[in-house]
Amino acid sequence: MALALYDTLRRERVTFEPLEPGCARMYTCGPTVHDFAHIGNLRTFLFEDLLRRVLEARGYDVTQVMNLTDVDDKIIQKARASGETIAEFTSRYTQAFFEDLTTLRVERAEHYPTATGHIDAMVDLVKRLEAAGHTYRTDDGSIWFRIASFPGYGKLSRIDLSGMRDGARVESDEYDKEDPKDFALWKAAKPGEEAWDSGFGRGRPGWHIECSAMSMAYLGETFDIHTGGVDNIFPHHENEIAQSEAATGRPFARIWLHAEHLIVDGQKMAKSLGNFFTLRDLLERGYRPRAIRYLLLSVHYRQQLNFTFAGLDQAAASIERLSDFVRRVEELPPGAAPVEELAARSHRAREAFEEALDDDLNTSRALAAVFEWVRDANRAIDEGRASAADRPALEAVLEAFDAVYDVLTPDAEELRLDEGIQALIDEREAARRERDWNRADALRGRLEELGIVVEDTPAGPRWKRSPGA
RNA sequence: GGCGGCGUAGCCAAGUGGUAAGGCAGGGGUCUGCAAAACCCCCAUUCGGCGGUUCGAAUCCGCCCGCCGCCUCCA
C-alpha cells in the first residue's frame, strides 16, 4: 500500500510520489529563535519527525531541511534590550531548541540553515524577482513583492482578497505600499539596526524570502513536501509560493502538509491565560519526555490537540502498558520452535500498523492495531504458548512500532538506581523467603514511597520506576 | 464581516452509508502469601440538538446550539 497524505493546496488526499524515486525531499518551517519553544511548537516538530520516520520506514532516502530564523523584528528588539548582538542572543535559544529536540527524541534533519547564513541566496532571489518585474521599491529603500503580478496568489489559503479590506485588521501601514497585502522582500536598515549589504542597500531580508531561498538552495526549485503549522498557511506559505514560482516559473512544493494547533484546556495557549508551557515546564513537574512525545503524537496531526495534565497521565499509563509488554517479551522462557499462529498474528499487526500510518499518518488507528496485538500476544504468553523462539516475530512488530513512535526505551532518569534501593529489594526478598509477609510488605511500602514498584515473578523480583516518579 | 475546523462513553480517541476500534479511568473475576503485571467479563441501543434523504446515517443534506482557529508577530 502506498503512502497517502492530505495536501492543503489541493484539499485532498494524494498518493506520495516523489520527484525522484526513492528520495523524499522536505522543507519544514523551523523556529524563530527568540525564546524557548512551547509545547505547541513542539507538537508541529513531532509531527514532522513522525512524517520523516514514516518516510524512512517506507524506504525513502529523506532529505529534510529545517530553517532557523535568527533575524527578525522581534529578535532585533530583544537583542537590543539585552545588550547583545543578534548572534549572541539567538545562539542561546538555538541551543535550547536542539536540547528540546534531543529530549523528545526528534530525529535530526539533514540541514538546519540559518537566515543570517544565507543572506546572499536571498539577495539573489530578490534580484531575480526584480528582474522579472515582480517588485517595487519604496522611498525608504525597502523592496516589496507586488501581489498583483502573480495571478495564482491566494491558491493555497483560498483567501478572499476582495473581502480583506472589510476585515478591520488591515493596519494603515507604516510603509508606502501599493497594496496593503504586498509583503517585504527586503527591509531597509533603520538607524542602529544590524544590517547586511546587498546590491540594493543595507538592510535585512523579509521573513518569507528566507524559506524560499533556503529551500531552493538545499532541495531545488521544486521539491516534494513542505510542512508547517496551520497558522503559516497565510500569509507565510502563500507568499513563499508567490515568490518562488514567480522567480522560477516552476511549481514550488508538490505537497503541503499543515499541523493543527495544540490548545490547552480547550483554550488557545497564551502567556496571559497562564496555560503556556514549554518542555522545561513539563519536565520540572516531573513528566517524562517519552510520555510527552506519546501524547503529542497520539492525536492526528490535522486535528486540534487539547493538552491537559490528565491526558499526560493517561499517555504515561499507556506507555507503561507497552513497556511492561516489552519486558515480558524479553523474559520469555526458552523454547524450541516458534508458534506459527503468533507469527501470523504479529505479521497482521505490523501490516495494520503500517497501513494506518500510510493513511495520512493515522496514529490513533496505528496505536489501536498495536494494542490489540499486545492483548493477543499477552494472552498467548499467559497460556504458556509463547517462548523465546517467538521473540523475533514479536520484536519485529515492536521495532516497526518504535522506529516511528520511539517511546519504548526508558528515559535515562527512569533507569537510575538510587542508593540503597537494591538493598531494600534484597532485604524484602529475604523476608519473603522466610515467609515474613509483614516485613516484606513494609519494605514494599517503603520502596513505593521512593517511587519504585516491585513485582514478584517466578524468576524473582523485578522493579520499575512508577509512572509518576 | 470573510474563510476553515471540531462536537463520539468520566477522560483521550478511531470510524465518511450497513448496524460504535483502541487507550486511560472504573466495577466484577482468574492468577498471587498479599500485591503488581497479565488475562476474562462488564462499562455509549448510541455518536451536540431538531428535521430531511435512504431499505439502512455517527457517517449525506438543511437549520440550530456550542467550542477552536485563520484573515500580514505566531508551530
Side-chain angles (χ1 to χ4, degrees), chain A residues 11 28-32 34 37-48 72-74 157-171 173 177 180-184 207-208 227-236 238-239 258-263 266-270 294-295 298-300 302-306 308 310-322 324-325 327-328 352 356 362-372 374-383 432 435-438 440-441 444 448 453-458 461-464 466:
Chain A
R11 299 287 198 279
T28 50
C29 281
T32 300
H34 64 82
H38 62 247
I39 55 177
N41 297 319
L42 294 170
R43 190 228 178 155
T44 298
F45 299 139
L46 280 170
F47 145 67
E48 286 150 357
D72 80 335
D73 292 325
K74 213 176 272 178
S157 57
R158 305 208 176 162
I159 194 151
D160 179 5
L161 293 170
S162 62
M164 258 183 83
R165 280 209 174 75
D166 308 327
R169 269 277 214 121
V170 178
E171 308 154 22
D173 216 281
K177 291 192 272 183
K181 296 174 297 292
D182 288 344
F183 55 91
W207 175 39
H208 312 295
T227 74
V230 285
D231 54 285
N232 280 157
I233 295 173
F234 188 87
H236 185 50
E238 196 71 71
N239 291 349
H258 291 96
E260 251 300 346
H261 278 184
L262 170 153
I263 57 177
Q267 288 183 295
K268 183 173 178 169
M269 186 165 57
Y294 181 96
L295 176 64
S298 61
V299 176
H300 187 90
R302 282 192 291 117
Q303 177 152 353
Q304 265 182 5
L305 188 160
N306 186 18
T308 62
L312 201 44
D313 291 334
Q314 291 176 11
S318 300
I319 287 180
E320 201 64 12
R321 176 168 167 77
L322 295 172
D324 286 341
F325 176 69
R327 182 134 75 158
R328 282 196 97 184
N362 191 331
T363 50
S364 306
R365 226 179 83 201
L367 283 174
V370 170
F371 277 106
E372 283 176 71
V374 166
R375 188 190 54 223
D376 289 346
N378 264 325
R379 190 190 301 125
I381 296 173
D382 275 359
E383 293 169 357
R432 289 186 71 235
R435 306 184 74 80
D436 184 352
W437 307 126
N438 285 337
D441 290 350
R444 183 166 58 199
E448 247 162 57
V453 179
V454 185
E455 301 179 352
D456 299 319
T457 75
R462 66 183 190 189
W463 67 278
K464 65 181 181 187
S466 65

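Residue numbers begin at 1 in each chain, while the letters A, B, ... track the order of the sequences. None of the values given here were measured: they were computed from a predicted structure.
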Identified pairing partner of [N], criterion: Watson-Crick or G-U wobble below 3.5 Å:
{"N": "B/rU59", "value": "none"}
{"N": "B/rG17", "value": "none"}
{"N": "B/rC34", "value": "none"}
{"N": "B/rC6", "value": "B/rG66"}

Return a single string for nucleotides 16-29 of chain B, one symbol per nucleotide in 5' to 3' order, where B is base contact, S is sugar-phosphate-only contact and - is none, cutoff 4.0 angstrom on heavy atoms. -----BSBB-----

State whether A/Asp324 and A/Arg462 are salt-bridged, where the test is any N-O pair (Lys NZ or Arg NE/NH1/NH2 against Asp/Glu carboxylate O) under 4.0 Å.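 No, no charged N to carboxylate O under 4.0 Å.
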
Is a salt bridge present between A/Arg444 and A/Asp441, judged by a nitrogen-to-oxygen distance below 4.0 Å?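 Salt bridge flag = yes for A/Asp441 with A/Arg444.
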
Between [options], spot the one nearest the side chain of [X], thanks.
{"X": "A/Phe234", "options": "B/rC71, B/rG33, B/rA38", "answer": "B/rC71"}
{"X": "A/Lys268", "options": "B/rA35, B/rG69, B/rC74", "answer": "B/rG69"}
{"X": "A/Asp324", "options": "B/rA14, B/rG69, B/rA37", "answer": "B/rA37"}
{"X": "A/Asn232", "options": "B/rC68, B/rA75, B/rA38", "answer": "B/rA75"}

Name the nucleic acid region contacted by [X], choosing base, sugar-phosphate or nothing; use a 4.0 angstrom heavy-atom cut-off, strictly under.
{"X": "A/Gly266", "answer": "sugar-phosphate"}
{"X": "A/Asn362", "answer": "sugar-phosphate"}
{"X": "A/Asn378", "answer": "sugar-phosphate"}
{"X": "A/His236", "answer": "nothing"}
{"X": "A/Leu262", "answer": "base"}
{"X": "A/Gln303", "answer": "sugar-phosphate"}
{"X": "A/Arg435", "answer": "nothing"}

For [N], does the base pair up with any side-chain atom of [X] as donor and acceptor (N or O, under 3.5 Å, distance only)?
{"X": "A/Asp441", "N": "B/rG33", "value": "yes"}
{"X": "A/Asp72", "N": "B/rC73", "value": "no"}
{"X": "A/Arg43", "N": "B/rA75", "value": "no"}

A/His261 over B/rA75, stacked by centroid distance under 5.5 Å, angle under 30°: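 Ring-base stacking flag set for A/His261 and B/rA75.
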
Presence of A/Arg379 side-chain N/O under 4.0 Å of B/rC40 phosphate oxygens OP1/OP2: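 Affirmative; the distance criterion is met.
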
On the nucleotide B/rG7, are OP1 or OP2 found under 4.0 Å from the side-chain N or O atoms that A/Asn306 carries?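 No.
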
5'-most contact on RNA chain B: A/Pro235 or A/Glu383, nearest heavy atom basis?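 Its nucleotide being nearer the 5' end, the pick is A/Glu383.
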
Of A/Lys74 and A/Val299, the one whose closest RNA chain B nucleotide lies more 5':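 Of the two residues, A/Val299 wins.
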
Among residues at least two apart in sequence or on other chains, which ones pass ring pair (Phe, Tyr, Trp, His ring centres under 6.0 Å) with A/Tyr294?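 Counting only residues at least two positions away or on another chain, A/Tyr294 forms no ring pair (Phe, Tyr, Trp, His ring centres under 6.0 Å).
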
